[in-house]
Amino acid sequence: MDLQSKLLDYARRQDDRLRHLNQQRYDFLAAVSHELNTPLASMKVAIEMLRQTGLSPDRQETYLNILEQEWRREKNLVENLLMLQRIGTQQKDMHVQGIDLNELLDEFQQLFDRKWEDKGLQCCIQLSRPMLKLDSDEDSLRRIIAELLNNAGKYSNPDTMVICQVEEVVRREIPHIVLTMTNIGPGIPPEDLPYIFDPFCRQEGATRQAVPGTGLGLALVKGLVQLLRGEIDVSCRVLPGTGSSEISFTLALPQTLHSFS
């Protein structure tokens, strides 16, 4: 291939990338608009109902619960946007401390088993040995695990299992904790895999299937993982004859951050 052909090919690839980014931004703005307006509409209705005279205590409690739920939804969206901004400017505070992974993951298992009960999902934790610990920022680690579990729950088939495997490995002569979270679901289109951690990316069909979210969760995960000097990757394997896929997120974190300070 001569120089002119290489330049044209490079220009075409850059143009395709730019169109993809523009589409992601459009989808992101549409998702944010929906996520902002939907709670506001629900809160407006609840307020109007609460203004009615003679409302029974039970009905008052119902509408107050709606207000609280939708307020929390709005608050979470704003917090996600602010967190993404802080990560991008390296302004997030870090507090390195010892973390008992067994205890932390057991807490998440109980929480998400209850949360997923209606969908028939189960969370299964598999640790390579009983006492796994690391020195890291617990707030960031909790956010990463919660986002990965939330994502797995959204895109898992009903009555399946989300498996979280944890082991110790040595990477580039540095001890790491590797956590692999696997679920069974519709899968991720191959063309979407390179962009899955982009800030404006949502899986194809998520909006059409009314899956809630703005596409910020995995972007936050990627940013937090980088702050913790780790790496994260995703793979998707079609399960023959099932119409489903096995999706795995693999997170590798250094066992201690103290050596990086």
Side-chain angles (χ1 to χ4, degrees), residues 31-32 34-36 38-39 42-43 46 61-81 83-84 99-127 132 137-166 179-188 196-197 201-203 205-225 232 234 236 244-251:
V32 168
H34 178 268
E35 289 294 309
L36 285 169
T38 300
S42 298
M43 285 189 281
E61 183 68 18
T62 296
Y63 293 123
L64 285 171
N65 287 338
I66 290 172
L67 279 174
E68 183 178 14
Q69 177 182 319
E70 298 304 319
W71 168 83
R72 195 176 304 279
R73 180 175 168 183
E74 204 91 330
K75 178 175 176 285
N76 287 340
L77 174 58
V78 173
E79 285 181 345
N80 283 348
L81 290 168
M83 175 68 78
L84 199 61
I99 302 169
D100 185 329
L101 273 177
N102 303 59
E103 185 178 307
L104 181 65
L105 291 173
D106 182 65
E107 179 185 329
F108 273 111
Q109 181 181 30
Q110 294 182 48
L111 173 65
F112 277 84
D113 274 345
R114 291 193 299 269
K115 184 176 181 178
W116 292 339
E117 190 173 3
D118 290 343
K119 194 172 180 179
L121 288 178
Q122 285 186 306
C123 181
C124 176
I125 308 295
Q126 300 176 353
L127 297 104
L132 283 178
D137 179 61
E138 184 172 349
D139 177 65
S140 297
L141 182 60
R142 281 181 173 275
R143 187 64 178 269
I144 289 166
I145 295 172
E147 290 290 350
L148 289 176
L149 285 168
N150 276 322
N151 187 75
K154 287 179 186 178
Y155 297 102
S156 286
N157 292 341
D159 302 313
T160 57
M161 186 173 288
V162 176
I163 299 174
C164 181
Q165 297 173 300
V166 189
L179 183 153
T180 303
M181 192 172 298
T182 304
N183 68 287
I184 306 298
I188 305 170
I196 199 68
F197 296 106
C201 180
R202 298 196 75 210
Q203 294 183 28
T207 302
R208 184 175 61 253
Q209 297 168 21
V211 177
T214 59
L216 289 179
L218 291 180
L220 286 172
V221 166
K222 178 76 170 182
L224 289 170
V225 168
I232 189 165
V234 61
C236 184
S244 297
S245 297
E246 180 185 83
I247 307 99
S248 294
F249 284 86
T250 302
L251 166 67

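Looking only at distances, a side-chain donor or acceptor of Asp100 sits under 3.5 Å from a matching main-chain atom of Glu103. One N or O on the side chain of Asn65 and one on the backbone of Glu61 form a donor-acceptor pair closer than 3.5 Å.
When side chains are defined from C-beta on, Ile125 counts as touching Cys123, because their heavy atoms get closer than 4.5 Å. The shortest side-chain heavy-atom distance between Leu127 and Cys164 does not fall under the 4.5 Å cut-off. Taking 4.5 Å as the limit, every side-chain heavy atom of Asn183 sits out of range of all side-chain heavy atoms of Thr160. Using a 4.5 Å heavy-atom cutoff, the side chains of Phe249 and Val221 are not in contact. Side-chain contact between Ile232 and Phe197 is present, with at least one heavy-atom pair separated by less than 4.5 Å. You'll find the side chain of Leu105 reaches within 4.5 Å of the side chain of Leu179, heavy atoms only.
Annotation for Met181 and Val162: closest pair CG-CG1, 3.9 Å, computed over non-hydrogen atoms. Considering every non-hydrogen atom in both Ser245 and Cys236, the closest pair reads CB-SG, 3.7 Å. Of all non-hydrogen atoms in Lys154 and Lys119, the two that sit nearest each other are O-NZ, 3.5 Å. Between Tyr155 and Pro186, the shortest heavy-atom contact is O-CD, 3.3 Å.
Rounding to the nearest 0.5 Å gives a distance of 10.5 Å between CD of Glu107 and CZ of Phe112. Atom CG of Leu224 is separated from atom CZ of Arg142 by 14.0 Å, given to the nearest 0.5 angstrom.
Ion pairing of Glu70 with Arg73 is present here, as a side-chain N (NZ or NE/NH1/NH2) and a carboxylate O approach within less than 4.0 Å.
No donor-acceptor contact under 3.5 angstrom links the side chains of Asn151 and Glu147, judged on distance only.
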